[in-house]
Amino acid sequence: MSAVTVIYVVLFYVATAIFLAGLARKVYVYARTPQPLKIPTTPAPTTRAGVWMRMAREVTVFESLFKSNKWIWLFGWIFHFALLLAFFRHLRYAITPESFLWPFVSLELVQTAGKYGGYAMVIGLLGLLGRRIVVDRVRYISSPSDFLMLLLLLGIAGSGLMMTFVSHTDIVALKAFLLGLMLFDWQPLPASAPLLIHLGLVVVLMIVFPFSKLLHAPGVFFSPTRNQVDNPREQRWVAGWSAEPPTSGRAG
Amino acid sequence: MAAKFETPTLKEYIEIPHVHPGAMAESKSYAAKPEHNTALGFPGELVENWEQVAVMKLGDLVSKSRALQVFLDSCVKCGACTDKCHYYLGTSDPKNMPVARQDLLRSVYRRYYTTAGKLFPKLVGARDMTKDVLDEWYNYYHQCSQCRRCSVFCPYGIDTAEISMAARDIMDAVGVGQKYSNEIIGKVHRIGNNLGLPEPALADTLEGLEEDVKDETGVDVKYPLDVKGADVLLITPSADFFAEPHVDGLIGYGKVFHAAGISWTLSSHASEAANFSMFIGSHANLKKQAMRIREAALDLGVKRIIVGECGHAWRVAYSFWNTLIGPFDFLDRRYPVPQHICEFTYDLIQRGALRFDKSANDDKVVTFHDSCNVARASRMGDMPGGQFIIPRAVVQASVNKFVDMAPETIGEATFCCGGGGGLLTDELMEVRVKGAMPRMQALREVVEQHGVTHIAAICAICKAQFTKILPYYEFPMDMIQSVHGLVSKAIRLGPVNE
């Protein structure tokens, strides 16, 4: 096995471990931390089913963002939708024809959509980057990490497009490498520059995910203003400090 | 007093201003005196190792609030909220953009509680807890009315009010309180209401009201205090006892109770609906203040609790009372606990129990200002959005001519009056006037297009704020009305089948 293969094998294991452990820790913290008071942003659903519907609209069509700003919504939604398409396209590198998902993933439509979704992703990301540079108030709130995050994603999308449309990678060998990773039966990684860049950036993304604003992905599901049922009069709510027996009334 | 400032000019529509860093850096509310802080259980003045105390308190608050946990991590700085705060729109100070206001605290959280902030502070915008940061907190967290307009528009529901409350809680924990809020909370603990009105003064005021109503209508409408065994305990903001136009609302509540033939009472022990402890994020004080109401209800043996016209008081009552001072199993569960006075009046109207002569208000063309804490943090009736429908229905039962302001400025998107959240103090007049700009802009539109003459509200702070602010924008100060002031004018007293 070449040195490059060894390095990438190790990187993938390290990145996956950091990604999974970091994310699991955060989700555990979110789930375990009590929300002592009811704070839904109204008009909020008065039933659990209604809350599910509200959350579904938030994560699929970005309802609140649509209300706030059509440009951010457009670029943001394009980017996320393209990400979903790319995910489905990439699944075929990680599953075998025996998988129950195979018939879906191997559809011409899914593969084509994923292929051109790459362009949509770049358009979405450039739009978001453009706002950050051009709109003075968005520029004001941006940290270096906000730019770097967009550049990282652009790098991943760009190198991916390179492989699809410019310099093809040995896809069969790549799939063997990825399946080998999962089965602990390591196979050589095709040494093409766009692929190494693409995978390298993905590794970086996995590592920063649990420590960055990308936590909005699990976070949105735990947001009390969105996931609480508006029924405080009907059902007494107590959690955390609000469930503790009364103290002397002193602050603390 | 604040330096002289210019009232914003009202344009045809709201223009999003370019950022003008530091525009409001000089606008500070008065600091609480040591006795104001200690009365609430806080250190009197800035404690010695305050940096450490502040950072510890921050960690403690975050570990006890899922909202803070999620809100401090999730912001992607997309910018969706940047043009949503009335204080930013009115002042163009970028630190009044919700995301930037949150970042005043988030930057410190990052530095001490996140890996990225510990390792690469500059890269992720993390800052040490310094005196400059504390001063910035004091300044800008007291330029937030906690109206939650930004939380409506945030894709993750991040609520600046929660962060602003936490920041104020931390400042109180190190001995840096705000005079206006802390002094008032102290008065409630000591005397029972924000204004420090003792029982005899209350009784006098109510007697005076009875005489006034008798003179005006010839009917003996009662304004009872501390009546044991009454059906209803009314909890209302103490401004209702004497301020204009608030008192017209109180007069109206009395007339509705009279017309419905329902016995009611006010309580001298719990003569205040407002709970400013929410503004400063103090859980212990929030509970202690609310507890007076449970005590009064038990002591007087009432069956129902009804809350008068006050925005954040209704939020605390609707959303937090059951948690903090419940369960209310000693009350009549056939009625919502608590019930808003508008829900109460609305139900009577629906049942045909009240008679109105709307022409009594024919000198008015009325619009309605949704108060933020009612609109975005509470409900009335049994369906989502009932808080928008019910007060309007009560207004429309009382007046012939009603017009709504532009849809994007009312309902859940309502613009704040600019004076809530502990900002209703003279030294913050510049913030209050500039923050009112978006509301005034929407008002001017209906004044010019539909001849609106009056704006009705169901919040004591909105009413007090508008009374002061309207003249800056060349509107008459008595344009602002209590919803139940309108009811009071139109309601016909005497037998229904007359």
Side-chain angles (χ1 to χ4, degrees), chain A residues 26 29-30 33-39 41-46 50 58 62 64-65 67-69 72-73 76 128 131-132 135-138 140-146 148 208 211-213 215-216 219-220 222-226 230 232-233 236-238 240-242 246-247 249-252, chain B residues 18-19 40-42 63-67 69-70 73-82 84 94 97 99-100 103 114-116 122-125 148 151-157 159 162 172 282-285 287-288 318-320 322-324 326-327 336-337 376-379 384-385 387 412:
Chain A
K26 268 294 172 185
V29 169
Y30 292 156
T33 308
Q35 176 54 37
L37 295 172
K38 281 265 186 176
I39 60 164
T41 301
T42 57
T46 54
E58 287 294 355
F62 302 179
S64 296
L65 186 58
K67 278 186 231 164
S68 11
N69 186 305
I72 307 178
W73 176 84
L128 294 173
R131 273 190 62 81
R132 245 178 233 296
V135 182
D136 72 340
R137 54 182 207 280
V138 185
Y140 178 87
I141 56 170
S142 301
S143 308
S145 56
D146 297 310
L148 286 177
V208 298
F211 308 100
S212 69
K213 64 179 186 178
L215 285 170
H216 69 276
V220 63
F222 291 95
S223 178
T225 57
R226 292 291 181 272
D230 179 21
R233 289 194 290 192
R236 184 162 184 244
W237 172 268
V238 286
W241 62 258
S242 71
T247 52
R250 304 292 286 178
Chain B
H18 284 291
V19 297
L40 273 53
F42 304 132
S63 74
K64 290 174 179 164
S65 161
R66 181 184 290 171
Q69 283 277 3
V70 171
D73 278 347
S74 293
C75 179
V76 299
K77 305 212 182 143
C78 67
C81 63
T82 50
K84 300 303 182 287
M97 298 187 298
V99 42
D103 263 14
T114 72
T115 313
K122 285 261 156 46
L123 189 71
V124 296
R148 309 178 85 229
S151 81
V152 168
F153 293 99
C154 175
Y156 319 112
D159 183 357
E162 288 297 310
D172 276 325
S282 167
H283 309 143
N285 281 289
K287 191 164 184 165
K288 186 176 166 188
Y318 171 86
S319 288
F320 305 156
N322 203 5
T323 294
L324 296 176
V337 182
R376 287 184 281 265
S378 78
R379 179 164 55 94
Q387 70 270 36
E412 68 190 272

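Below, chain A is the first sequence line, B the second, and so on; all start at residue 1.
- Residues A:T46 and B:R379 meet the side-chain proximity criterion, which asks for heavy atoms closer than 4.5 Å.
- Of the listed residues (B:R148, B:E162, B:K84), the one with the most heavy-atom contacts under 4.5 Å to chain A is B:R148.
- The greatest number of non-hydrogen atom pairs below 4.5 Å with chain A, out of B:V70, B:T82, B:V76, is found for B:V76.
- Per-residue counts of heavy-atom pairs under 4.5 Å with chain A were compared for B:S65, B:G125, B:C75; the largest is that of B:S65.
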Please report the C-alpha distance between A:T41 and B:S151 in whole Å, then the side-chain angles of each, then the deciding distance to 0.1 Å, and finally whether the side chain to side chain donor-acceptor pair (under 3.5 Å) criterion is met. CA-CA 7 Å; A:T41 301; B:S151 81; 3.0 Å; yes

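- Taking chain B as the reference chain and counting heavy-atom pairs below 4.5 Å, the highest number among A:R132, A:R137, A:R226 is found for A:R137.
- For the set B:L324, B:D159, B:V152, the entry with the most heavy-atom pairs within less than 4.5 Å of chain A is B:V152.
- In this structure, the portion of A:I72 lying under 4.5 Å from any heavy atom of chain B is its side chain and not its backbone.
- You'll find the side chain of A:Y140 reaches within 4.5 Å of the side chain of B:M97, heavy atoms only.
- Here A:H216 contributes atom NE2 and B:C154 contributes atom SG; the two are 10.5 Å apart, rounded to the nearest 0.5 Å.
- The choice from A:Y30, A:F62, A:F222 that makes the most heavy-atom pairs within less than 4.5 Å of chain B is A:Y30.
- By the salt bridge (charged side-chain N to carboxylate O under 4.0 Å, His left out) test, B:K77 pairs with A:D146, B:D103, sequence neighbours left out.
- At least one side-chain heavy atom of B:V124 sits less than 4.5 Å from a side-chain heavy atom of A:S145.
- Looking only at heavy-atom pairs under 4.5 Å with chain A, the residue among B:S378, B:P94, B:A116, B:P336 that has the most is B:P94.
- Here the OH-CG distance, from B:Y318 to A:D230, works out to 3.5 Å after rounding to the nearest 0.5 Å.
- Considering only residues two or more places apart in sequence or on other chains, A:F211 meets the ring-ring contact (aromatic ring centres under 6.0 Å, His included) condition with none of them.
- Contacts between A:L128 and chain B at a heavy-atom distance below 4.5 Å are absent for every atom of the residue.
- B:K122 is not listed as a side-chain neighbour of A:P144, based on a closest heavy-atom distance of 4.5 Å or more.
- Per-residue counts of heavy-atom pairs under 4.5 Å with chain A were compared for B:A377, B:A100, B:C81; the largest is that of B:A377.
- Within the 4.5 angstrom heavy-atom criterion, atoms from both the backbone and the side chain of A:W237 approach chain B.
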